[in-house]
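One structure below.
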Amino acid sequence: MSHGAIVRPPMEPPTDPEPAEATPEFEAANKRLDRRRGLLLALPSWAFLTLFFAVPLLIVVVYSFATRNRFGGTDLSGWNIEGYRELGQEFVRNLVLRSLWLAIITTVICLVVAYPFAYFLATRSPAVRNLMLVFVMIPFWSNFLVRNYAWRVLLGNDGPVSQATEAAGLGETTILFTQSAVVLGLVYGFLPFMILPLYAAIERMDWSLVEASRDLGATGWQTFRQVSFPLSLPGVIAGSILVFVPSFGAYVTPQILGGGKDPMLGTYIVAQFLEARNWPEGAAASTVLMAVMLGATLVYFRTGGRTL
Amino acid sequence: MADAVAAVEIRGVTKRFDEVVAVDDVDLTIADGEFFAMLGPSGCGKTTTLRMIAGLEFPTQGSLRIFGEEVGTLPPNKRPVNTVFQNYALFPHMTVLDNVSFGLRMSGVNKTEARQRAGEMIELVQLDGMAARKPNQLSGGQQQRVALARALVNKPKVLLLDEPLGALDLKLRQEMQTELKSLQRELGVSFVFVTHDQEEALTMSDRIAVMDQGKLLQVGSAEDLYARPASRFVADFIGQTNLIEATVADNNTIVLQNGQRLRAPSPHAAGTAVAMSLRPETIQVGARGSVPAVHEATSLEGVISSASYLGHSMVYEVSIDWIDLEVRTPMVLSEERFAPGSEVAVWWDRRSDWLVAE
């Protein structure tokens, strides 16, 4: 292409309501302008993310290769992969698997509980929907930590749940400080993150497709299997990731409702930093955790891109 | 034909949505093998009626039979009808083949046979080679054909079409009109077709039902509706017409609002308020005093208030005391044209007017 004569791009997009044919040079100029505008608008968030996300992340990754000194401090020298090697220890592997398992169970339970609710929600009148969405959000108005302590009270030895089951002749409820309590707490805490994307996906669905399916002879269940569910898949995947990722690295709930008896990935990382004072090890575990989450998110975008 | 079981028989069907009466006490019989159109402005209840036949809505009251079987509250999957939806409602996550074979697969036809029959249907609607595509890779016309194939592959006893051509551009629409019509003849299945486009209804249908505000106003052939409308609404809605208010004087005469008497045979009792429907193309214009003697009793005098040249015809607005008449005459030689302001007479053949009482 000759660059001898450059057509000056217009500063404003053409005001003609029907730009019949786009001149390539104008097109390119408009795109440049759009990009520049976009960059400017994104600048604050870019700056924020760089400063408070990318930089700390980088520090974590750097620390994961550092050396722990005799006093529990960290020397930024003698780079090694000891932190990662220690992750291979059996008890670490076990707690990773345990965290993974609990995160999967939590995600599945959330999905099973949230799907019918989201479906119900999406088929209500706007007034009812909004009211119920507020109910879904209400828990967020109080602190997550406080809500976990509330569960501790509820599930405690003399708590209301135990009293109720006793009164009903089912005996004491003693699930506090077990993995069941942890799953219960995680489901409770992260359920809204499943409901909202599911609701959005189902609500956006074209209902005439459901009608078409019924019209073509499918039963209600067949329609769900073949049409509604596949079309809500982006919501299912988004919700699953939003629940799975924080469950996998959860710290507060396992600590409060699990009593820290069975260490999980989140509690382990915190312990490495605060108690064992083995920062490289904690940093290595964090890096692996983030890599897993990143992987999960990429899977989401790929499947999301395919189904949309 | 008379004792044959009707494809669709609707008796006293009413559909209410909360307080709104969408369909009001409709009686309708659609014969087997008929191309039947339901025509009316939006919100007239035609789509609701179609949806009740499909089973997507249930009537509030009344009886709805398909080939003699009462289907009032039967779910859509248990009815021998299929629908072509307004926006096609193709499953976006399935290929054309999966879309078309959907109905067969759902009713338990094995996969190989379902695919084969779907393939044949795809050929019938001339989409060979498109079977592996997703709906969003097809043009509007192609999507329309997929929707048609997807419905027809189930061999419905009645095919319901909800404004199927609404989203297509004019040329494609005309093409599809012809194709739909010949497809219907070939299959011999009743097509029930909802449209707000009267030209579409007139050109394609054996019979047309005109609806307005939930009520069924008239059912008849295109000619019935055009030449013998049963009400002002139908006269006005189908084609263009001039409605002249009058009162019946005796069984051969009506009196206009200015007292002028016109010859117009009428079945209505003397004193009935009627409107005379005069199609613009049935009226003739000429200089005053040039009215042929036979048309003397069916003529009026007025002044041309506007004249438009349309190439194949002239359209005059003729102002007659208290009303304006639209007159459409075939293109004539220039000396016979009238300029605005000309004092003229208009007349018509006494067989071309039509009286409607309300």
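Residue numbering restarts at 1 for every chain, and letters A, B, ... go by the order of the sequence lines. Computed from a prediction, not measured in an experiment: that's the story for all the values here.
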Can you tell me which portion of B:L90 sits under 4.5 Å from chain A's heavy atoms? Options are side chain, backbone, both or neither. backbone
Between chain A and chain B, identify all donor-acceptor pairs below 3.5 angstrom, including backbone and side-chain atoms.
from	atom 1	to	atom 2	distance (Å)
A:E211	OE1	B:R51	NH1	2.8
A:E211	OE2	B:R51	NH1	3.4
A:E211	OE2	B:R51	NH2	2.6
A:R214	O	B:N77	N	3.3
A:R214	NH2	B:N77	OD1	2.8
A:D215	O	B:N82	ND2	2.9
A:D215	OD1	B:T83	OG1	2.8
A:D215	OD2	B:T83	N	2.6
A:D215	OD2	B:T83	OG1	3.4
A:Q222	NE2	B:M106	O	3.1
A:Q226	O	B:H93	NE2	2.8

Bottom line for B:F85: the part with an atom under 4.5 Å from chain A's heavy atoms is side chain
Quick check: are there more than 12 heavy atoms from other residues, nucleotides or ligands sitting under 6.0 Å from CZ of A:F140? yes
What's the shortest heavy-atom distance between B:F102 and A:V227, and which atoms? CZ-CG2, 4.0 Å
Which heavy atom in A:L231 sits nearest to a heavy atom in B:P92, and how many Å separate them? CD2-CG, 3.7 Å
Pairs of heavy atoms under 4.5 Å with chain A: top-ranked of B:V153, B:L104, B:L56: B:L56
